[in-house]
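On a predicted model such as this, the values are computed, not experimentally measured, just so you know.
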Amino acid sequence: MAPHFFFPHTLRALEEEHEDGRLYTQNPVDTASLHPSELEEFVKGVSFDLSDKELFCIEDQDVFDRVYSLIRGYSSLSPSCKFNLVESLRSNFSVLLPNVDSLTRVSQSQDDEHPVVDRVASHRNAFKIYTFFLINIVLAEESNIVSNNNTKVTAVTRNKRLVNSWSWEPQRSRILNLIANSLEINLVLLFGSSDPDENYLSFIVKKTFSMFENAILLKDLDAKDALCRIVGACATKYHYMAQSCASIMHLIHKYDFVVTHMADAVAGTEKKYADGSLASSIIREIGRTNPKDYVKDTAGAENIGRFLVELTDRLPKLISTNIGLLVPHFGGESYKIRNALVGVLGKLVAKAFKDVEGEVSSKSVRLRTKQAMLEILLERCRDVSAYTRSRVLQVWAELCEEHAVSIGMWNEVAEVAAGRLEDKSAIVRKSALNLLITMLQHNPFGPQLRIASFEATLEQYKKKLNELEPDVPSESVADGLPSDNDNCNENGEIHNIDTQVLEQQESLTDSCLTHVEERIAQKGSPVPDVGNLEQTRALVASLEAGLRFSKCVSATMPTLVQLMASSSASDVENTILLLMRCKQFQIDGSEACLRKMLPLVFSQDKSIYEAVENAFVTIYIRKNPVETAKNLLSLAIDSNIGDLAALEFIIAALVSKGDISTSMTSALWDFFCFNVNGTTAEQSCGALSVLCMAAKSSTGVLSSHLQDIIDIGFGRWAKVEPLLARTACIAIQRLSEDDQKKLLLINGSRVFGILESLVSGFWLPENIWYAAADEAIAAIYTIHPIPETLAADLVKKSLSYVFDCSGGDELQHEIGSSSASILTTVQVAKLSRYLFIVSHVAMNQLVYIESCARKIQKQKVAKEKADIDSHNTNSKGAIPPDSLKDNSINAELGLASSEEAILDNLSDKAEKEIISGGSSEKNLIGHSASFLSKLCRNFSLMQKYPELQASGMLALCRFMIIDANFCDANLQLLFTVVESSTSEIVRSNCTIALGDLAVRFPNLLEPWTENMYARLRDPSLSVRKNAVLVLSHLILNDMMKVKGYINEMAIRVEDEDERISSLAKLFFHELSKKGNNPIYNLLPDILGKLSKQNLIRESFCNVMQFLIGSIKKDKQMESLVEKLCNRFSGVTDITQWEYISYCLSQLAFTEKGMKKLIESFKIYEHALLEDSVMDHFRNIINKGKKFAKPELKLCIEEFEDKLNKFHMEKKEQEATARNAQIHQQKVGGMEGFAVAGNIGEDSAGSDPADDEPEGEVFNPSTEGMTLHVNGSSNSEFMESDEYSNASSELIESEPAETEVQSAKVNIRGASKSKAKRNGTKYQKNNVSASAKRSSKSPKE
């Protein structure tokens, strides 16, 4: 009989001899020294012996030694040798396994036990040896693969490997499956008990788990399944539980790729053996782990969390019975574990409670458990970690998709999601938006969620319900809405009837709620009968829940509008998706909110623009061209100016892409031409407006209907819809050059006559005329060959309307002399129109001059390019030397640049002639300008006619924009009006004009910068809003430098108007993106100026917190620490100390920043006396401890002790100084009383207060004391003592918290030595006198 085989720790340990006589290698062969041919013969001999002899020959010493030698030198074997060796061992082992089962039959048939025992021992030995050698072969081969993958693969080694490679993967899976099979057979007789010996199991488990560390091996599904079977058999069948559990936990903590495989192994074990002890043990181990350990090991916490979620997905029922072990970890600090537990609860709710079989009691327990889990999920929506809050909302979305949320819980989830839309974290807001999208998509209430529809249907079914139960008092049926928590009574038992009601309601909701609404919506439709009383009650409850859900989603619309202005792109994109879903389900207010997304097409973020464009196409662009046309013209009719600009931009983009087809434009023309029945003038105007937008991208859109534009746009329909004429003017401006020429040829004189009558006529309403005249003048300058002639006629004609009717000279004299009694309301309107026309003509003339200059420049460039091309064509690429010579001579003489200079001079001269004229004589508009200047200076007239002031100042601003001299002469007038005018409109217009002036004449406006910033303090909301917009535009486009008045803009962050506040925040957000973040440099100056203004403390804190939040770079934060600390020096104001320390507490401290703060202690130590300052420094310290490393944390703690100690010392010094001052006042009082006693006869009638020094306040309560002492009959010394005691009594009313009783003095807050000295001094008083005085003095 061969010696017993024991598994060694390592392969080479088999060469060591042991005293117990175990099998070991006695004569190993050095295979590395053998020649390849010899080695091959050696392997063949071993293979022959293994196949020819009995299976137990492996325990023969000779065969054992030779097999060991080959496995020890396995890496040096050739592929054929490896194959022969592996195949021999594997085939023998596979034949051995059935023989183990036959041992039971052999032992029963033979009476002699000794042969059976020997046979069992031989089988056991062979079983172990084959297992040992095969596992070592797998480990050796895998280590070779890993080492080869780690080394650099060159072309030579790659080719070599291809030649010598052999198919190892199939062999590996066969070997591992064979070992797994060996563990699944009956090993009781082989090992003498139900469990194999410890040595065998520990070897198997150790090597198996080491293979799990190999990610490449785990990609082989057969090999992985075999490893999972081995783990399951060892842990469950052979009760090797504790060690297996520890190994699994170690692997999960260490390797992230092993998580899913471990979950597969544990789940496979439970299914194969119907035993969940391994899973339960692992869960207990996780539950027993200290939550603080997961904070330190973040990677391990994440892996553990993933494992729990994967395991729950595979074994939901088993996890549900052990969930109590994991719930305490919700109180841990690791958000990753909490995230995982939230995912676990979600999986359990979705999967663990699906079965409806079982008794009522077990069903009750399941419902109660499910409800508890749902309540935990609701509670976790308020978790401190944004990651956990986001994960909870994601889980709720998954549950909604799985239809695992009951109607009773539906609205609670919706309200939580609506509340999370205002979360401070972007990832939480994103999850909340996605949750609401999912809830709408999977809502159980129907495809239409209009509030009015629900209310009408609900009202009718409530009447139906009242008819079915006439005796029951009416109460809200929503109280009876079945929900999971309504199913429990006080003892925690579940009523079966509630469960039935819930099932009935869910079936009702899914089947007939939608059809009920559709039938109710039809006029005159009777209320459909849904069944008995319980079914009707359930339906009413469902309708109430649906109404509540619809109202909840509708109430989020204001928040969604705010989110569309968010700086986070994900907020904007998901908000748009939610609004699209809301419109699909007809949520009230969703369409109005969707229109507010249009301005987002101007966003610089490409993803936001694409989201808006996709939403626009999805909502408004239909396959039916008529529907599309109707949608677009409705948008144009209902949009404001800002939305129209956005609509124009997006329609032009869609036309260029081809998303708006020719059939859609044809449908728009049908609406404009009234070819569609029921078309109104307003719709016709809207259709033409959309066509004008499309023409911006494709000018050919308008060419087919030129006559229709003139006939309809300026015809009788223009009197019905006045805006139609204005839109027709815009259409004329959008015509292509060819279409303009065509129009002039056919209808030129008619068109100009119409435009002239529109400007100078009175057939349009006053409020429409200004907009129409604006576009009409622009149209004249666009298509007229000599527009200034027609424009001059317009100005003269308008002027004649004003002055010819009542004597122009007289009226001008009246205006100039500040008495305009001759003006009437009609003349004011005409004068306003005249000022508008003349100023607008002047502005268009300026634009026309600039366009002519550009046109000449383009022609010049085109001519030069054509000359070069023609020369190249004529000379086949060679430019004639004469032209080269001419060009070089022109370049040397500067003739080319002189031509440009001549063009610039002509352009400048033409611009100046608009107002000033080329000589001392003024032209038409120049005369108007001088008249306008006098008119605007007539403040009494302007106050009498506010409309005239609005027109006059608008015209004045236009003239100032055109001419620099006129601007310089009237700047002071403009700022006087913008500051003193009572009209909000005038101030707003002037504020906007200041922005244009700053762009055109920056040097003239530069001295007035402070006055421009002053507009931010205007009492009017519109003026402040325009000031913010103007200054934002100037600063962000580098047209104005950020000067020392930026604090005015910072104050607007806390403006009472939310829109102004948002605009100011947007300005600073955009400013922070420029260069190296200018806010970093501006912050100390803003802090200094804001702290000196009378700002509410809360407003100051909000402004500074927002500004500091825009600084992201660590270096800037560190530098700010130093800058802010330096501001403490030289500051004595306590309020400024508090503000500076608050700003310090808002900084994100790095390690360097904290060190700078500690080093700057001497600078701010004097401010640490104040409690509020200390509180801010304590906040800094608490923040610093969170991120600090151990060394820095020690420094921070020392710094904290130093701060507290210094603060206490300062407080004691202050108290001591205060008490010393009080004592000095007492001593002064004693001396005064003594002097009064000595000269009492001379000054008996005098007031003791007369001897008090000037500037000190004498306490009136001492007067009674003085009279009392003066009236006593004691000696002079006694009087002195009583004055001293009287003085001590008075100290009780001082704020130093000093109590004096009889001759004893207790001073709280002062030093002990001081108190001792004072006490000694006062103890010299006469006791009897003290007693006498205390008997007469009132007690406190």
Side-chain angles (χ1 to χ4, degrees), residues 602 604 606 648-649 651-658 662 692-704 706 730-746 748 778-791 843-914 918 961-962 999-1000 1037-1039:
F602 299 116
Q604 295 178 352
K606 187 178 179 182
E648 181 175 327
F649 183 86
I651 285 178
L654 293 176
V655 169
S656 62
K657 284 184 177 181
T662 53
C692 291
M693 296 173 186
K696 196 168 187 180
S697 176
S698 175
T699 53
V701 170
L702 300 173
S703 60
S704 59
L706 292 179
I730 296 173
I732 291 173
Q733 296 175 54
R734 298 282 168 88
L735 293 175
S736 64
E737 289 187 8
D738 294 337
D739 291 334
Q740 288 178 12
K741 292 175 182 177
K742 184 179 176 182
L743 182 65
L744 290 177
L745 285 173
I746 300 172
I780 290 171
Y781 271 90
T782 301
I783 64 173
H784 200 287
I786 314 172
E788 58 268 24
T789 56
L790 184 57
M843 185 64 71
N844 276 276
Q845 184 69 22
L846 175 67
V847 175
Y848 178 68
I849 291 168
E850 291 176 350
S851 66
C852 288
R854 283 196 301 269
K855 190 181 293 182
I856 294 169
Q857 194 70 31
K858 284 181 181 178
Q859 289 174 355
K860 182 172 173 283
V861 172
K863 183 181 178 183
E864 290 175 355
K865 187 178 180 182
D867 290 342
I868 293 172
D869 292 341
S870 64
H871 286 310
N872 290 339
T873 305
N874 294 333
S875 58
K876 296 182 180 180
I879 299 175
D882 293 338
S883 64
L884 285 172
K885 186 176 180 181
D886 292 342
N887 290 338
S888 62
I889 291 172
N890 289 337
E892 288 178 7
L893 294 175
L895 295 178
S897 59
S898 65
E899 289 179 6
E900 294 180 1
I902 291 169
L903 183 61
D904 291 340
N905 288 333
L906 287 173
S907 178
D908 292 340
K909 187 177 179 181
E911 289 178 5
K912 288 179 180 178
E913 285 180 351
I914 295 174
I961 289 169
I962 294 168
V999 175
R1000 185 152 170 81
N1037 290 288
D1038 298 322
M1039 299 171 189

**Item:** Validation row: F649, M693 side chains within 4.5 angstrom (heavy atoms)
**Value:** no

**Asked** Does some side-chain heavy atom of H784 sit less than 4.5 Å from a side-chain heavy atom of T789?
**Response** yes

**Request:** Report yes or no: do Q845 and Y781 form a side-chain donor-acceptor pair below 3.5 Å?
**Result:** yes

**Request:** Identify, with sequence neighbours excluded, every residue that meets salt bridge (Lys or Arg N to Asp or Glu O under 4.0 Å) alongside R1000.
**Result:** E911

**Message:** My understanding is that only residues two or more places apart in sequence, or in another chain, count here; which of them pass salt bridge (Lys or Arg N to Asp or Glu O under 4.0 Å) with K741?
**Reply:**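 If we apply the salt bridge (Lys or Arg N to Asp or Glu O under 4.0 Å) test to K741, skipping adjacent residues, there are no hits.
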
Please check if the side chain of [X] supplies one atom and the backbone of [Y] the other of a donor-acceptor pair under 3.5 Å.
| X | Y | answer |
| --- | --- | --- |
| S656 | A653 | yes |
| T699 | S736 | no |
| S703 | G700 | yes |

**Working for side-chain contact (heavy atoms from CB on, under 4.5 Å), residues I783 and I732** = CA-CA 8 Å; I783 64 173; I732 291 173; 3.7 Å; yes

Nearest non-hydrogen partners of [X] and [Y], listed with the distance:
| X | Y | result |
| --- | --- | --- |
| V701 | S704 | O-OG, 4.0 Å |
| L790 | I780 | CD2-CG2, 3.7 Å |
| A779 | Q733 | CA-CG, 3.7 Å |
| L735 | L702 | CD2-CB, 3.8 Å |

Quick one: pull up [atom1] in [X] and [atom2] in [Y] and give me the separation to the nearest 0.5 Å.
| X | Y | atom1 | atom2 | answer |
| --- | --- | --- | --- | --- |
| I651 | S698 | CD1 | OG | 13.5 Å |
| K909 | E913 | NZ | CD | 5.5 Å |
| N844 | T782 | CG | OG1 | 8.0 Å |
| E788 | I914 | CD | CD1 | 10.5 Å |
| L846 | M843 | CG | CE | 6.5 Å |

**Prompt:** Should R734 and E648 count as an ion pair when the cut-off is N to O under 4.0 Å?
**Reply:** yes

